[in-house]
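What follows is a set of notes on a single structure, which appears directly below.
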Amino acid sequence: MIDLDLRQMRSFMDVADLGSFSAAADKAGLTQPAISLHIRLLEKQLGVRLIERVGRRAQPTAAGRDFLIHARRIAEEVAHAIDTVAPHRSGVTGRLRIGTGATACIYLLPPVLGKIRQAMPGIDIVVQTGNTHDILRLLEANTIDAAVVALPASGRSLDIRDIHLDELVAVFPHSSVPAAMALTAETLLAQPLLLYEGGNTRKLVDQWFAASGRTVQPAMELGSVEAIKKLAGAGLGLAIVPRMAVEHEGAASGLEWRSLDPPLERRIALALRRDKHMTAPLRALAAALPGIRKG
């Protein structure tokens, strides 16, 4: 009977996922020779070649691809076993790694994570921000456990569920836009515009203008909703941001928000790997995000 070494299997999965021995070494905090040794020992034990080089990229052989399926299952079962005994260790109840956009991190997730923390005081919660494409890539690589991202999002290995419907609204200093003026594509283009830089939210805004036969040329493009709001408040332009980022702003902010004409909405979804074991922290996250809601 062959006794498989979990460290060797982890090294093999990292090389297969990252396509590089050096990248796998960086991820594991090991040297490249150590990763290479793990692969050689595993191949010797199994009696087959698992990794081959194609150009500059290291990728699984046919045998490696077959073994990778089982290696992932073994890794998941080991993680499940560790999570199962975790509550029996003092002060530890598991780990939850979430990837999300910056706006959802600031305005959507705090009460959700607070509820989870209250129910599981010892949980280790890690949140990583980025655009939808990068976050889903981390999820598919199993670097994070769950993703809360703006749609559209796709992946053959992913289960994606709507959790939030958020309107995109125009933001400007109080009384700077006449109350009777409809905020159409035509009227907005007469103003200097402050918009997101890239990402799914910006694509939705561009499509909204395109539906009226117009192309938007923003005065400024920024990656931070907070920066966009500050610049809008300083009178540097009219901004289009998620409603969740402004609906609870007080009068002291100096900002006013209004719906676009026609209205524009974006959908936020929870994405999980289909083969991911539903640990207690993941179940708590799914329970705290119960289906689509508008706000």
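All values below come from the heavy atoms of this structure, side chains included, with hydrogens, waters and symmetry mates left out. Everything numeric here is computed off the predicted structure, so don't read it as measured data.
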Subject >> Crowding at CZ, Arg7 (>12 non-hydrogen neighbours, <6.0 Å) >> reply: no

Subject >> Given Val205, Val225, Ile240, Leu222, the one that forms side-chain contact (heavy atoms from CB on, under 4.5 Å) with Tyr196 >> reply: Val225

Original post:
About how many Å separate OG of Ser11 and CG of Leu50, when rounded to the nearest 0.5 Å?
Top reply: 12.0 Å

Subject >> Exam field: side chain Arg283 to backbone Met278, donor-acceptor pair closer than 3.5 Å >> reply: yes

Original post:
Should Tyr107 and Ile98 be counted in the same cluster of Ile, Leu, Val, Met, Phe, Trp and Tyr side chains packed under 4.5 Å apart?
Top reply: yes

Subject >> Atom CD of Gln32: over 12 foreign heavy atoms under 6.0 Å >> reply: yes

Original post:
So does Arg56 have more than 12 non-hydrogen atoms from other groups sitting under 6.0 Å from CZ?
Top reply: no

Subject >> Euclidean distance, Gln207 CD relative to Ser212 OG, rounded to 0.5 Å >> reply: 12.5 Å

Original post:
Take atom NZ in Lys27; do more than 12 heavy atoms of anything else shown fall under 6.0 Å from it?
Top reply: yes

**OP:** Return yes if some donor-acceptor pair links the side-chain N/O of Asn200 with the main-chain N/O of Pro152 below 3.5 Å, else return no.
**Re:** yes

**OP:** Given side-chain contact (heavy atoms from CB on, under 4.5 Å), test Leu139 with Val149 step by step and report yes or no.
**Re:** CA-CA 11 Å; Leu139 181 62; Val149 293; over 6 Å; no

Subject >> Minimum side-chain heavy-atom gap Trp257-Val241 below 4.5 Å >> reply: no

Original post:
Does the side chain of Asp5 reach to within under 4.5 Å of the side chain of Leu41, using non-hydrogen atoms?
Top reply: no

**OP:** Please answer whether the main-chain N or O of Leu158 pairs with a side-chain N or O of Arg274 as donor and acceptor at a distance below 3.5 Å.
**Re:** yes

Subject >> Worked verdict on Glu140 versus Arg273 for salt bridge (charged side-chain N to carboxylate O under 4.0 Å, His left out) >> reply: CA-CA 7 Å; Glu140 289 182 321; Arg273 286 175 56 112; over 6 Å; no

**OP:** Answer yes or no: is there a side-chain heavy-atom contact under 4.5 Å between Leu42 and Leu4?
**Re:** yes

Original post:
Do Glu197 and Arg202 come close enough that some side-chain heavy atom pair is under 4.5 Å?
Top reply: no

**OP:** Please step through salt bridge (charged side-chain N to carboxylate O under 4.0 Å, His left out) for the pair Asp206 and Lys203, ending with a clear verdict.
**Re:** CA-CA 5 Å; Asp206 288 346; Lys203 289 179 183 177; over 6 Å; no

Original post:
Atom CG in Leu270, atom NE2 in His164: separation rounded to 0.5 Å?
Top reply: 14.0 Å

Original post:
Backbone N or O of Ser22 within a donor-acceptor pair of the Ser20 side chain at under 3.5 Å?
Top reply: yes

Subject >> Glu256 vs Val177 side-chain heavy atoms within contact, under 4.5 Å >> reply: no

Subject >> No-hydrogen, no-angle side-chain donor-acceptor test under 3.5 Å, Glu167 and Ser259 >> reply: yes

**OP:** Would you sort out whether Arg161 and Leu272 count as a side-chain contact (heavy atoms from CB on, under 4.5 Å), showing the intermediate values?
**Re:** CA-CA 9 Å; Arg161 188 190 83 190; Leu272 301 170; over 6 Å; no

Original post:
Of the options Ile163, Asp162, Leu204, which is the one that meets Arg267 in a side-chain contact (heavy atoms from CB on, under 4.5 Å)?
Top reply: Asp162

Original post:
Any donor-acceptor pair under 3.5 Å linking the side chain of Trp208 with the backbone of Pro262?
Top reply: yes

Subject >> Partner of Leu108 under side-chain contact (heavy atoms from CB on, under 4.5 Å), chosen from Leu113, Thr100, Val148 >> reply: Val148

Original post:
Say you draw a straight line from CZ of Arg95 to CG of Leu282; how long is it, rounded to the nearest 0.5 Å?
Top reply: 10.5 Å

**OP:** To the nearest 0.5 angstrom, please state how far the CG atom of Leu183 sits from the CD atom of Gln191.
**Re:** 8.5 Å

Original post:
Asp145 versus Leu285: any side-chain heavy-atom pair under 4.5 Å?
Top reply: no

Original post:
For Lys229 and Glu226, what are the C-alpha separation, side-chain angles and deciding distance, and is it a salt bridge (charged side-chain N to carboxylate O under 4.0 Å, His left out)?
Top reply: CA-CA 5 Å; Lys229 286 163 55 181; Glu226 291 303 305; 3.2 Å; yes

Subject >> Trace of the salt bridge (charged side-chain N to carboxylate O under 4.0 Å, His left out) decision for Arg243 with Asp166 >> reply: CA-CA 6 Å; Arg243 175 177 164 179; Asp166 188 37; over 6 Å; no

